[in-house]
Amino acid sequence: MKKILISACMLGDNVRYDGGHHLIKHPVLQRWQQEGRLVPICPEIAGGMSTPRPPAETQCKFPILVTTKEGDDVTPEFLIGAEKTLEIAQRERVACALMKAKSPSCGNKRIYDGNFSGNLIDGAGIAAAELMRNGIPVFSEKELPELFAFIEDSERMSA
Ligand code: SF4
C-alpha cells in the first residue's frame, strides 16, 4: 500500500503558527490513517520552530529569504524543516504528499507575496518545493480528487 506524506495540521495537530490546526475530515483520509498510510510532518516544527510562532513569508527566492512580519530571518529553520521533510518522505517511501495550500512551507502552487497583506503569488512553499524537486508530487487539500486518482493509478501500476 502506498504511503502519503501529510501536513500534520491537516490531521488535527495544533502546529499552526497561531496554535490551531486545519483538520480535514474525509472518509478516504480517515481510512488511510487507520491503515497507517499517512506520514504526518510539520516542516516548521521539524525545523525547530515552536507553536505559537510569528507568521512568516518568503521575501526572496534567489537567494532564499524567509522572514517574520517583524523582519526576523527564519530562513535556516525553514530550510532545515524542508530537508527533514524530504528525509522522512524518502525514508518512508511515500508516493506523494498532501500539503496545506498557501503555507510558506507546505503550499504547492500559491504562496503569500511577502508583504503580509494576504496577496498570493505563484510559487511553492519551501518544503513542498524541496519534495517536488526530488520527484515527489505534492497535492493540496483543494486537489483531493487528483490525489485519490494519483494513488489509485500508482497502485494499479504496481499491482
Ligand atoms: Fe501545517 Fe505545514 Fe504550517 Fe506546519 S508548516 S502548520 S504542517 S501548513
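Counting convention: from 1, in listed order, for ligands and their atoms alike. The model shown is predicted, which means the values in this text are computed figures rather than measured ones.
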>> side chain to side chain donor-acceptor pair (under 3.5 Å) for Arg156 and Ser154? Distances and angles first, verdict last.
In response: CA-CA 5 Å; Arg156 201 172 26 241; Ser154 329; over 6 Å; no

>> Under the criterion salt bridge (Lys or Arg N to Asp or Glu O under 4.0 Å), I'd like the reasoning laid out for Lys84 against Glu87: C-alpha separation, chi angles, the key distance, then a yes or no.
In response: CA-CA 5 Å; Lys84 290 194 173 170; Glu87 263 173 40; over 6 Å; no

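- The residues Arg110 and Asp122 are annotated as salt-bridged, a charged nitrogen and a carboxylate oxygen being separated by less than 4.0 angstrom.
- Taken from OG in Ser50 to CD in Glu44, the straight-line distance is 11.0 Å, to the nearest 0.5 Å.
- Each of Val66, Thr67, Asp113 was scored for a side-chain contact (heavy atoms from CB on, under 4.5 Å) with Glu57, with one residue passing: Asp113.
- Listing protein N, O or S atoms at distances below 2.8 Å from atom 2 (Fe) of ligand 1, with waters left out, gives Cys106 SG.
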> Does the side-chain contact (heavy atoms from CB on, under 4.5 Å) test come out yes or no for Glu141 and His22, once each step is laid out?
Replying inline: CA-CA 10 Å; Glu141 73 278 17; His22 281 297; over 6 Å; no

